[in-house]
Colleague: 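Before anything else, here's the structure in question.
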2 protein chains.
Amino acid sequence: MNDRLYKCLSSGNRRRILYCIGEEAKCVNEISDCLDLEQSLVSHHLKELVNCGLIEKERDGKKIYYRVSESEIIDLLEKGKELGDKLEERC
Amino acid sequence: MNDRLYKCLSSGNRRRILYCIGEEAKCVNEISDCLDLEQSLVSHHLKELVNCGLIEKERDGKKIYYRVSESEIIDLLEKGKELGDKLEERC
DNA sequence: CCATCATATGAACGATCGTTTATACAAATG
DNA sequence: CATTTGTATAAACGATCGTTCATATGATGG
């Protein structure tokens, strides 16, 4: 029941990556600089995000650019953020 | 960054529980019958869902009834389902 | 072709997760 | 009060996860 999607979104760093490339495509080094994560870690997460269909890759010379594949993905993250914030107010 | 919410939603059985009590409050045994899960397993998951604020409990005699705490929760699950289905069509 | 830049991959690790089993607790009923 | 019904908890386990480190691959420019 949509297990792959939820599993993929359950990692905070993967969600950060999605936000990071949500507005414009970025290459691996840009992402790892932007988020201060090791290149190999970013690559691992990108691979999983591609496998889920959440992002797409496109090569341009030496660099490979990644972009979010559907706008609904960021929408869902926003919904999740709203709900998460609302639920945490209750404490 | 909303880690608790996403972690909580990353379990398929927890999502099944949310759907199960999404329309009407149910007690533990009803949930475990409904989903064919062991009572202790359901209790464990209910505890985590409560800790996240996703559900609320109310005792009535021997039984304890659980309900989803915000309607946005089911909305989010629906959004997730739509997106998950859309992403899986791509294979 | 060789060096370099950009990215991917594989192995390994501790940490966390979901589940099961057994047992404890709480409320009600006789 | 003893029993039963309903639920919670604790310990234990294998499985999966996120991360790191080392190394490999791919493309480009000299």
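Note that this is a predicted model, so its numbers are computed, not measured. In what follows, chains carry the letters A, B, and so on, assigned in the order in which the sequence lines appear, proteins first and then strands, with residues in each chain numbered from 1. The figures that follow rest on heavy atoms only: side chains count, while hydrogens, waters and symmetry mates do not.
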Colleague: Please determine, for the side chain of A/K47, which listed nucleotide (C/dT9, D/dG6, D/dT19) has the closest atom?
Modeller: C/dT9

Colleague: Could you state the atom-to-atom distance from CG of A/D33 to P of C/dT7 in whole Å?
Modeller: 10 Å

Colleague: Please pick, from C/dA27, C/dC17, C/dT19, the nucleotide with the shortest atom-to-atom distance to any side-chain atom of B/R59.
Modeller: C/dA27

Colleague: Show, in sequence, the C-alpha distance, side-chain angles and deciding distance for A/K81 and A/D85, and conclude whether the salt bridge (Lys or Arg N to Asp or Glu O under 4.0 Å) test is met.
Modeller: CA-CA 6 Å; A/K81 188 165 156 43; A/D85 291 347; 3.7 Å; yes

Colleague: Round to the nearest Å and state the distance from B/L9 atom CG to C/dG18 atom P.
Modeller: 11 Å

Colleague: Out of D/dC17, D/dT20, C/dT7, which has the shortest distance to the side chain of A/L41?
Modeller: D/dT20

Colleague: Quick check on side chain to side chain contact (heavy atoms under 4.5 Å, CB included): which of A/I64, A/I31, A/I17 does A/K26 satisfy it with?
Modeller: A/I31

Colleague: Which value, rounded to the nearest 0.5 Å, describes the distance between A/L77 atom CG and B/K79 atom NZ?
Modeller: 12.5 Å

Colleague: Checking the side chain of A/R4 only, and the main-chain atoms of B/G84 only, is there a donor and an acceptor separated by less than 3.5 Å?
Modeller: no

Colleague: Below the 4.0 Å mark, does D/dT7 have OP1 or OP2 next to a side-chain nitrogen or oxygen of B/N29?
Modeller: yes

Colleague: Starting at atom NE2 of A/H45, determine the distance to atom P of D/dG18, rounded to an integer number of angstrom.
Modeller: 6 Å

Colleague: Could you check which of C/dT9, C/dG18, D/dA27 has an atom nearest any side-chain atom of A/K62?
Modeller: D/dA27

Colleague: Select from B/K7 and B/V42 the residue whose nearest nucleotide in DNA chain D is closer to the 5' end of that strand.
Modeller: B/V42

Colleague: Which nucleotide in the set C/dA8, D/dT19, D/dC17 lies at the smallest distance from any side-chain heavy atom of A/I64?
Modeller: C/dA8

Colleague: For the pair made of CZ in B/R4 and C1' in C/dT16, what is the distance, rounded to whole Å?
Modeller: 15 Å

Colleague: Nearest 0.5 Å, what's the CG-CD distance between A/L83 and B/E72?
Modeller: 6.5 Å

Colleague: What's the CG-P distance between B/D3 and C/dA15, to the nearest Å?
Modeller: 17 Å

Colleague: Please evaluate the base of C/dT21 for a donor-acceptor partner in the side chain of B/S40 within a cut-off of under 3.5 Å?
Modeller: yes

Colleague: Any side-chain N or O of B/K57 less than 4.0 Å from the OP1 or OP2 oxygen of D/dA8?
Modeller: yes

Colleague: Looking at every heavy atom in both A/H45 and A/S11, which two are closest together, and how far apart are they?
Modeller: CE1-OG, 3.9 Å

Colleague: Could you check how far CG of A/L35 sits from C1' of D/dG18, rounded to whole Å?
Modeller: 15 Å

Colleague: Looking at B/Q39 and D/dA8, is any side-chain donor or acceptor paired with a base atom of the opposite kind under 3.5 Å?
Modeller: yes

Colleague: Check whether any side-chain nitrogen or oxygen of B/N13 sits under 4.0 Å from OP1 or OP2 of C/dG18, and answer yes or no.
Modeller: no

Colleague: Describe the nucleic acid contact of A/K63 in one word from base, sugar-phosphate, nothing, applying a heavy-atom distance below 4.0 Å.
Modeller: sugar-phosphate

Colleague: Start at the 5' end of DNA chain C and walk down; is the nucleotide closest to B/R14 or to A/Y66 reached first?
Modeller: A/Y66

Colleague: The side chain of A/V28 lies closest to which of these nucleotides: C/dA27, C/dT7, D/dT7?
Modeller: C/dT7

Colleague: Calculate the interatomic distance between B/N51 atom CG and D/dA8 atom C1'; express it in whole Å.
Modeller: 13 Å

Colleague: When you measure from the side chain of B/S11, which nucleotide among C/dG18, C/dT7, D/dT7 comes out closest?
Modeller: C/dG18

Colleague: Quick check for you: among D/dT19, C/dT20, C/dT9, whose closest atom lies nearest to any side-chain atom of B/H44?
Modeller: C/dT20

Colleague: Could you state the atom-to-atom distance from NZ of B/K26 to C1' of D/dT7 in whole Å?
Modeller: 18 Å

